[in-house]
Amino acid sequence: GIAPDGTQAAQKFVEDTSSSVRQVKQLASGVAANAAYTATVFMRALDRTRAFVSCEGLATGGGYAYFDLSNGSVVSTGTWGTATLNAYSISSVGNGWYRISVTSTVPTDTSRWLIIDLVNTGTTTVYTGNGYSGILIWGAQFEAGSFATSYIPTVASQVTRSADSAVMTGTNFSSWFNAAQGTFVTEAAPISGFTTNSIIGISAGSTYGSGNGLLHRFGTASVQIGGNSSAALYSIGITPNSYYKTACTYQGVNMSVVANGGTPVTAATLDFTGSGSTAFNIG
């Protein structure tokens, strides 16, 4: 099948005719005990529309979730043994494809499984197959950390690459940006272990503040917008891995911020109209 990257590299995971579990799994050895690891895979519904994905230890536990590939929803989640299910998600990437993610922490295991099961209906993984039904899968990935990063192509060995950095520069930025006034509406989630997580930022190069741009971010108990050390702070209890709908606006020295339909908070911060902003940063 055609994979999310446009190549004909997706594989059909086909059930047999036995009455059993249909499972694809890969073992990762030499991982750290009591640390979070994230399993991700791209999936597309065919004759089957549901799948089970697990990130688990070799012996002492794991976290898992069941997903509906027909509508992009989470059906059920859980753990076994002594593991913790840190996070899970399903996100559309177009053309019927979804990227699925499961993060878990296992106290003692130094080996982990990435497991994919076919599901008949509901959460049934043990059933009599017909020999031809299945789903498309591509781009399975296992990585250290409490959240999924962008896809890292690998063949036979581990790969390390630079951190993700989503930035818009040049005419892609200057063709629409208005330094005098503007509004941004976002839906974003802070990651686990955060102190301050950027949502979006406008900057001169990599510099914020002192007239060089604005920064819209999560604090430990607020959603913020500011141009330098002064900022508008909308107080709200922030929960890691939970999504918040936010809006921030600026006009001259006046900046406002709000989250989840509350009452906006406004502060006078530094006007960056003449700052020569050159970049729009996401995250």
Side-chain angles (χ1 to χ4, degrees), residues 72-74 86-93 99 101 103 146-150 163-283:
S73 64
V74 179
N86 303 87
Y88 51 87
S89 67
I90 180 170
S91 304
S92 173
V93 295
R99 193 183 192 203
S101 170
T103 302
S146 58
F147 59 94
T149 67
S150 60
D164 288 333
S165 180
V167 60
M168 183 182 295
T169 59
T171 56
N172 289 328
F173 171 71
S174 62
S175 62
W176 59 267
F177 176 64
N178 182 354
Q181 60 183 0
T183 299
F184 294 98
V185 178
T186 72
E187 185 171 6
I191 63 173
S192 299
F194 75 102
T195 52
T196 54
N197 284 175
S198 173
I199 303 172
I200 59 172
I202 297 168
S203 64
S206 60
T207 305
Y208 299 98
S210 301
N212 290 307
L214 66 82
L215 186 62
H216 180 39
R217 68 185 183 182
F218 291 106
T220 54
S222 63
V223 177
Q224 309 168 3
I225 180 177
N228 58 0
S229 57
S230 177
L233 309 177
Y234 179 83
S235 297
I236 186 172
I238 301 296
T239 302
N241 304 314
S242 296
Y243 279 87
Y244 296 84
K245 291 184 177 180
T246 74
C248 65
T249 186
Y250 60 94
Q251 183 177 27
V253 298
N254 299 308
M255 294 186 179
S256 298
V257 63
V258 69
N260 291 352
T263 301
V265 174
T266 299
T269 183
L270 191 62
D271 183 0
F272 67 98
T273 303
S275 66
S277 296
T278 58
F280 175 69
N281 303 277
I282 303 172

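- At least one side-chain heavy atom of Tyr244 sits less than 4.5 Å from a side-chain heavy atom of Pro190.
- Judged as a side chain to side chain contact (heavy atoms under 4.5 Å, CB included), and not counting sequence neighbours, the contacts of Ser92 are Tyr98.
- For Thr249, the side chain to side chain donor-acceptor pair (under 3.5 Å) partners two or more places apart in sequence, or in a different chain, are Thr183.
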Please output the side-chain donor-acceptor pairs of residues 213-222 that fall under 3.5 Å, not counting sequence neighbours, one pair per line with the distance.
residue: His216; atom: ND1; partner: Gln224; partner atom: O; Å: 2.9
residue: His216; atom: NE2; partner: Thr246; partner atom: OG1; Å: 2.9
residue: Arg217; atom: NE; partner: Gln224; partner atom: OE1; Å: 2.8
residue: Arg217; atom: NH2; partner: Gln224; partner atom: OE1; Å: 3.4
residue: Ser222; atom: OG; partner: Gln224; partner atom: NE2; Å: 3.1

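- Heavy-atom minimum distance, Met255 versus Gly226: SD-C, 3.8 Å.
- The nearest pair of heavy atoms linking Ile236 to Ala259 is CD1-CB, 4.3 Å.
- Side-chain contact check for Thr278 versus Thr169: every heavy-atom pair is 4.5 Å or farther apart.
- With sequence neighbours left out, the ring-ring contact (aromatic ring centres under 6.0 Å, His included) criterion links Phe173 to Trp176, Phe177.
- Thr149 meets the side chain to side chain donor-acceptor pair (under 3.5 Å) test with Glu143, Arg161; sequence neighbours excluded.
- For Asn172, the side chain to side chain contact (heavy atoms under 4.5 Å, CB included) criterion is met by Met168, not counting sequence neighbours.
- Contact record, Ala180 with Asn178: N-OD1, 3.0 Å, taken as the closest heavy-atom pair.
- Summarising the geometry of Val223 relative to Ile199, their closest heavy-atom pair is CG1-CD1, 4.3 Å, with the distance given to 0.1 Å.
- Qualifying side chain to side chain donor-acceptor pair (under 3.5 Å) partners for Thr239, counting only residues two or more places apart in sequence or in other chains: none.
- Side-chain rings of Phe280 and Phe184 approach one another, their centers coming within less than 6.0 Å.
- In this model, a donor atom of one side chain and an acceptor atom of the other lie less than 3.5 Å apart for Ser203 and Asn281.
- Contact record, Val265 with Ala232: O-CB, 3.6 Å, taken as the closest heavy-atom pair.
- Taking each heavy atom of Cys248 and Ile225 in turn, the nearest pair found is CB-CD1, 3.4 Å.
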